[in-house]
There are 2 protein chains.
Amino acid sequence: MKPPGIHDIARTLGVSIGTVDRALHGRPGINPATRARVLKKAEELGYRPNIAARSLKLNRRIRIGVYFPREIASFFDSLRAGVRAAASTSVGLSIDLVFRTFPRLDEGDVELLRADAHESFDGVLVAPGNPLRIGPALRGLVQRGIPVVCVSSDAPRSERLASIAVDSLTSGAIAAELFSRVMQKPGTLATITGELTTLDHAEKLRGFAANLALLAPHLALLPAIESHEQPELAHKQALALLRQAKRPAGIYLSTANSIPVLRALEETKLLGEVQVITTDLFPELVPYIETGKVLATLYQRPFVQGKTALEILLNHLVNGTKPDPVRRLAPHIVLRSNIGLFAREIDTPGEFLI
Amino acid sequence: MKPPGIHDIARTLGVSIGTVDRALHGRPGINPATRARVLKKAEELGYRPNIAARSLKLNRRIRIGVYFPREIASFFDSLRAGVRAAASTSVGLSIDLVFRTFPRLDEGDVELLRADAHESFDGVLVAPGNPLRIGPALRGLVQRGIPVVCVSSDAPRSERLASIAVDSLTSGAIAAELFSRVMQKPGTLATITGELTTLDHAEKLRGFAANLALLAPHLALLPAIESHEQPELAHKQALALLRQAKRPAGIYLSTANSIPVLRALEETKLLGEVQVITTDLFPELVPYIETGKVLATLYQRPFVQGKTALEILLNHLVNGTKPDPVRRLAPHIVLRSNIGLFAREIDTPGEFLI
DNA sequence: ACGGACAACGTGTACGTTACCATAACGTTG
DNA sequence: CAACGTTATGGTAACGTACACGTTGTCCGT
């Protein structure tokens with residue numbers, strides 16, 4: 001009653017297990033007719049390779065290069081934690097994670113990849129900033145046979161194996177719907193983003209604008225402000241925005257770099273006055289949500305992203321599966337009523353997974 | 001540079017691998033002093049057992065009994081799909097899933113468990129209805145050394161290994177917060193639930209009532225209606241509710257059994273008039289959300305629940321880990337703007353995981 | 001002093017797979 | 001026709017672990 005192995009195939013066919021191995025793995029040195037017989041019999045017996053035995057025999061160490069920025073730390077630290085979690089729960093294969101860190105999105109990433117050109121990774125995880133800049137470097141990796149998985153944003157046309165991120169269009173659309181529900185009176189909305197060259201950020205704003213036009217035509221939209229992930233700049237821009245005559249009734253912060261803006265709101269005594277929807281979640285943000293000063297935040301689930309990204313990559317390396325080229329997670333809508341669940345998670349990152 | 005094995009421990013200590021094996025696994029026939037030395041050296045070398053080798057040697061088939069109800073099918077089919085997904089991605093061990101199905105929550109479950117008393121499962125997954133009724137049966141399993149994991153609701157005091165479910169208090173609290181945001185004018189709210197003896201259902205209503213009192217004191221709450229997961233009954237109750245003089249301005253449906261109620265709303269031409277928040281997600285519900293006739297639904301992520309439940313159980317069986325006794329998932333808040341993501345998932349269950 | 005009982009420890013084998021070497025049959029070449 | 005390459009195949013050693021079994025050593029009663 002035990003599952004059939006290559007021995008069973010060999011025995012019923014009267015050949016040796018060496019032959020069966022050659023047939024099953026497309027190795028040379030076997031008569032095409034024999035190969036066909038073996039494959040047919042394998043199918044017939046419902047042969048599934050015993051992965052424990054395989055990985056025991058091969059005992060290969062898998063080296064994965066992980067290229068994530070340092071800033072915004074709250075986000076990318078969780079992403080790294082997720083990657084580590086996936087590595088530690090994988091059974092029967094030993095994985096070397098090589099973390100490479102560059103200052104921020106689209107800053108130093110390409111240089112780091114080029115400097116590591118001699119490294120022989122089995123696979124690479126990367127958080128791409130500007131697809132145009134980083135694209136060629138990724139293509140280079142792929143052409144050397146190294147599969148690349150993009151995390152948290154995408155770099156299409158880079159021939160990467162897969163991309164895993166929160167669905168940014170939806171993320172923006174949710175923000176728009178929430179504003180449309182809460183703000184009945186006409187007014188204007190502002191958006192502060194990171195970097196419009198980053199696909200993920202651009203898409204959030206597209207989703208926001210599109211859904212706002214659909215659901216809340218009474219709300220006008222100011223041109224997007226780019227903070228380039230720099231806290232000081234974001235703070236200055238927010239102050240300027242809030243001090244102008246026609247100040248916005250609501251602000252959508254589509255980057256995790258939201259604290260400087262909230263500080264600006266406090267300084268101008270507009271916190272609670274202006275409706276705010278933020279992105280991502282970290283300890284400093286929690287009290288704003290708990291007190292209702294921030295309406296909601298759209299949690300991008302970095303831990304889950306990191307975990308699934310490595311799972312996809314490993315699955316490809318070990319089993320040769322072709323994953324869906326894009327995988328889009330649903331962001332969590334975090335409100336006063338459910339922040340308790342998430343606050344617990346971000347305090348003990350990696351311990352449980354939401 | 002390869003990870004140390006029992007051979008390495010044995011060699012550096014000048015003992016045999018047999019002794020190391022006895023020490024590491026608490027087997028008899030070893031001098032306590034030797035055992036201590038081995039354990040210390042193992043720690044020192046950072047010994048991690050090679051799980052591939054272990055499961056190759058043991059080659060045990062693991063039999064898991066899965067006791068879920070048939071109704072509500074949309075929910076429990078996804079739950080089963082999640083369990084299957086976890087089984088198929090586990091590497092190096094062959095798992096026999098034995099699905100047992102009873103008509104509905106708290107109906108035939110205990111009888112089925114008793115009838116299977118002779119079965120020798122290595123572990124059991126169960127969706128408990130009434131903790132009082134099913135508790136003794138579960139305790140019986142545990143005392144026979146069979147670990148039990150509760151899914152989708154809990155049965156505390158049953159000595160189950162763990163329980164995984166959506167955080168029901170939060171689920172109810174979210175519904176209350178959404179109502180409080182959308183309904184500015186005073187009015188009354190009704191709740192229709194499944195079975196108040198089911199812990200999960202009771203907690204949702206507690207969370208709802210508590211948060212409603214906090215955030216929306218202008219909204220009054222009618223006594224909860226129990227539909228006992230029966231579609232016809234739910235339909236009749238809804239009609240009665242809607243035809244009474246002081247009809248509610250909003251309804252919170254805390255059970256997946258929501259379609260009969262929505263039908264009643266259509267028949268009384270009150271759909272869109274009365275604000276509705278539902279629970280869970282299935283194809284029939286999608287158009288209601290897409291058109292805004294239903295404000296939101298709180299998705300309980302059955303697929304994820306099933307997957308993690310089996311993961312927890314297997315992890316315990318294979319590695320002997322003690323999991324957190326309760327694990328609470330955050331429900332997804334599904335609105336017009338993000339239903340697209342979920343609709344894709346429920347159409348192709350198991351293909352991707354949100 | 002001897003055998004038996006028992007504790008403590010060593011040895012060998014099997015798990016299913018892959019990698020590699022050995023071998024046999026056959027054709028090609030000088 | 002000897003020498004050698006090619007092709008298809010068989011045989012076997014690992015990989016690290018678990019477990020049954022065999023081997024020592026010690027103590028004790030007679």
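Proteins come first, then strands; the chains are lettered A, B, ... in the order of their sequence lines, and each starts at number 1.
In summary, the side chains of A/Y67 and A/D116 do present a donor paired with an acceptor at a separation below 3.5 Å, with no hydrogens or angles considered.
Atoms CG (A/N31) and C1' (C/dA25) sit 13 Å apart, rounded to a whole Å. The separation between B/I30 atom CD1 and D/dG25 atom C1' is 16 Å, rounded to whole Å. Atom CG of B/L56 and atom C1' of D/dC19 are 14 Å apart (whole Å).
Counting only distance, with no hydrogens or angles, the side chain of B/N31 and the backbone of B/A33 share a donor-acceptor pair below 3.5 Å.
Between atom CD1 of residue A/I164 and atom CG of residue A/L329 there is a gap of 5.0 Å, rounded to the nearest 0.5 Å. Here CD1 of A/I134 is found 12.5 Å from CZ of A/R160. Values are rounded to the nearest 0.5 Å.
Phosphate contact (OP1/OP2 of C/dT11, side-chain N/O of B/S16, threshold under 4.0 Å): absent. Between A/S55 and the phosphate of D/dC15, there is no side-chain N or O to OP1/OP2 separation shorter than 4.0 Å. The side chain of B/T19 contributes no N or O atom lying less than 4.0 Å from OP1 or OP2 of C/dA8.
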Exercise. Give the C-alpha distance, both sets of side-chain angles, the deciding distance and a yes or no for side chain to side chain donor-acceptor pair (under 3.5 Å) between B/T19 and B/R35.
Key: CA-CA 8 Å; B/T19 303; B/R35 159 167 298 153; over 6 Å; no

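Between B/K41 and B/D8 there is no salt bridge, since no side-chain nitrogen of the basic residue lies less than 4.0 Å from a carboxylate oxygen of the acidic one.
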Give me, pair by pair, the N or O atoms of the protein and of nucleotides 17-23 of chain C that are less than 3.5 Å apart, along with how far apart they are.
from: C/dT17; atom 1: OP1; to: A/Y47; atom 2: OH; distance (Å): 2.9
from: C/dT17; atom 1: OP1; to: A/N50; atom 2: N; distance (Å): 3.2
from: C/dT17; atom 1: OP2; to: A/I6; atom 2: N; distance (Å): 2.7
from: C/dT18; atom 1: OP1; to: A/H25; atom 2: NE2; distance (Å): 3.0
from: C/dT18; atom 1: OP1; to: A/R54; atom 2: NE; distance (Å): 2.9
from: C/dT18; atom 1: OP1; to: A/R54; atom 2: NH2; distance (Å): 3.1
from: C/dT18; atom 1: OP2; to: A/D21; atom 2: OD1; distance (Å): 3.2
from: C/dA19; atom 1: OP2; to: A/R27; atom 2: NH1; distance (Å): 3.2
from: C/dA19; atom 1: OP2; to: A/R27; atom 2: NH2; distance (Å): 3.4

